[in-house]
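In this text the structure is predicted, and so the values were computed from the model without any measurement. What's counted below: heavy atoms across the whole structure, side chains too, no hydrogens, waters or symmetry copies.
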Amino acid sequence: APTFQQGVTGATNLYNAEAPGVTQAAQNLAGTAAQAQNVLGTTGQSAVQTGIQGLENVFGPQYEQQQLANALASIIAFGLPSVLLAFFIKGNWIHNMGFRPIKSYPSIVVVILLALTGLLLSGALGSVTEKIPIPAHFKNWAISLEDQYKKAMISMTHMSSLKDLFFTLTAVAIIPAIVEEVYFRGTLQKILLDWTGKPFIAILITAIFFSAFHFSYFGFLSRLALGAILGYIYYYSKTIWLPILLHFVNNGIAVVTLYLFRNSATPVEKIMDDNLPIYWGVVALIGIYYLFIQLKNYYIDAGLEKNI
């Protein structure tokens, strides 16, 4: 049977051959309908145009097309290589991506509490990052990245109904949670663990890549911590569903908060400023440590304590 490394090589080669231009294609999704109509003739509508117009009729605002494009880009960039790799590896391809049953349902509550506690840690680490001295030119570059991120988040304030909220949750919380966790935890972390045999190293490196992927200096430490929490949850439970749940809760809270404050006089930038006093990080770490003890008790057969 092909080894894990052979599977990685085969999937990578196939993805590199098929994937060029994926991101640009997703960004140009809104213009695909018009191009298709020119090809097929003005008397008929292509399936692509019909689909996009259907989404417009259902969901309305133009910004949702961009959210749809971003979601499709995530599926192609992260979901596709994970599925391809799963097919190359011996065994059930669904299980290879981490889709196994949750063995302990009380662990769901623990994961939700970890998500909430992780927000406190994230806020404290955001304050720590701002206190780190960096060169002026690098700081200006980092600020420009944050401005782009804030513009994308501000577009969510266009949500005016529960229908808009549902669409945004799907595009920004549900789809990214699934495809990113399958890629980073279910695939990359699994590969690194197979290569190194060290859970801590595999989880840390995966968390670094996960954070770097978001291209945010000021949020790097926060997402690094989030990535580590997600990695340990997956390592304990052996199911990708729990990291997906935490990832969804983390993203979903941001979306719901913007929806609830959409008509508020408070500037969106202030709502998005989630930095907290550093002492909250200490409180969060204590809470996270306790919650992981509980999670380990639920999945004691994972053997994590023998490998760190």
Side-chain angles (χ1 to χ4, degrees), residues 71 74-75 78-79 82-83 86 89 91-122 162 165-166 168-190 192-194 199-200 202-203 206-207 210 222-223 225-257 259-260 283-308:
S74 295
I75 292 173
F78 296 108
S82 300
V83 172
I89 305 305
N92 185 297
W93 68 279
I94 296 294
H95 289 172
N96 287 338
M97 291 189 292
F99 289 105
R100 295 182 176 88
I102 298 175
K103 295 180 180 180
S104 173
Y105 288 105
S107 64
I108 295 176
V109 177
V110 173
V111 168
I112 293 175
L113 292 176
L114 278 169
L116 300 177
T117 312
L119 290 175
L120 297 179
L121 179 60
S122 176
L162 290 176
L165 174 62
F166 171 77
T168 304
L169 280 173
T170 301
V172 177
I174 297 177
I175 293 177
I178 294 174
V179 298
E180 289 181 22
E181 289 312 305
V182 168
Y183 180 83
F184 285 103
R185 254 58 63 177
T187 303
L188 180 58
Q189 180 173 306
K190 185 177 179 181
L192 292 172
L193 180 58
D194 183 64
F200 174 77
I203 291 170
T206 303
F210 172 74
S222 299
R223 291 189 177 93
L226 174 64
I229 292 173
L230 290 165
Y232 278 117
I233 290 174
Y234 181 58
Y235 183 73
Y236 272 112
S237 66
K238 308 303 183 191
T239 174
I240 203 65
W241 288 116
L242 292 181
I244 287 174
L245 172 62
L246 189 145
H247 199 142
F248 166 74
V249 172
N250 183 80
N251 290 11
I253 287 175
V255 173
V256 172
T257 299
Y259 174 76
L260 293 177
V283 175
L285 286 173
I286 295 173
I288 290 170
Y289 177 76
Y290 171 79
L291 290 170
F292 267 117
I293 290 177
Q294 301 305 309
L295 190 65
K296 184 170 66 174
N297 289 336
Y298 292 135
Y299 294 97
I300 195 66
D301 59 336
L304 179 63
E305 68 280 0
K306 299 178 182 178
N307 294 284
I308 293 184

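Summarising the geometry, atom CD1 belonging to Ile240 is positioned 11.0 Å from atom NE2 belonging to His247; distances are rounded to the nearest 0.5 Å. Taking CD of Gln189 as the start and OH of Tyr232 as the end, the distance is 9.0 Å to the nearest 0.5 Å. For the atom pair CD of Glu180 and CG of Leu230, the computed distance is 10.0 Å after rounding to the nearest 0.5 Å. Rounding to the nearest 0.5 Å places CZ of Phe184 at 15.0 Å from CD1 of Ile203. A distance of 5.0 Å separates CD1 in Ile253 from CG in Leu116, rounded to the nearest 0.5 Å. To the nearest 0.5 Å, the span separating CZ on Arg223 from CG on Asn250 amounts to 9.0 Å.
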Apply side chain to side chain contact (heavy atoms under 4.5 Å, CB included) to the pair Ile233 and Phe292, showing each step before the final yes or no.
CA-CA 8 Å; Ile233 290 174; Phe292 267 117; 4.0 Å; yes
Is there a side chain to side chain contact (heavy atoms under 4.5 Å, CB included) between Phe248 and Ile178? Walk through the geometry before answering.
CA-CA 8 Å; Phe248 166 74; Ile178 294 174; over 6 Å; no
Audit row: Tyr259, Leu162, side chain to side chain contact (heavy atoms under 4.5 Å, CB included) steps and yes/no:
CA-CA 9 Å; Tyr259 174 76; Leu162 290 176; 3.6 Å; yes
Test side chain to side chain contact (heavy atoms under 4.5 Å, CB included) on Lys190 and Asn96; report intermediate values, then the result.
CA-CA 9 Å; Lys190 185 177 179 181; Asn96 287 338; 3.9 Å; yes
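Across every non-hydrogen atom of Thr168 and Val255, the tightest pair is CG2-CG1, 3.7 Å. Closest of all the heavy-atom pairs between Leu193 and Ala202 is N-CB, 3.5 Å. Among all heavy-atom pairs drawn from Tyr234 and Arg185, the shortest one is CE2-O, 3.3 Å. The heavy-atom pair separating Val182 from Ser82 by the smallest distance is CG1-CB, 3.5 Å. Nearest heavy-atom pair across Gly79 and Val179 is N-CB, 4.1 Å. Of all heavy-atom pairs between Gly252 and Leu169, the closest is CA-CD2, 3.9 Å.
Looking at heavy atoms from C-beta onward, Tyr289 lies in side-chain contact with Ile293 at the 4.5 angstrom threshold. The shortest distance between side-chain heavy atoms of Ser107 and Ile102 falls below 4.5 Å.
The side-chain tip of Lys296 does not point at the ring of Tyr299 from less than 6.0 angstrom away and within 45° of straight on.
With hydrogens and angles ignored, the 3.5 Å screen pairs no side-chain donor or acceptor of Lys103 with any backbone N or O of Thr239. A distance-only check finds no donor-acceptor pair linking the side chain of Thr117 to the backbone of Ala284 [under 3.5 Å].
Using cut-offs of 30° and 60° on the angle between ring planes, the pair Tyr183 and Phe78 is perpendicular.
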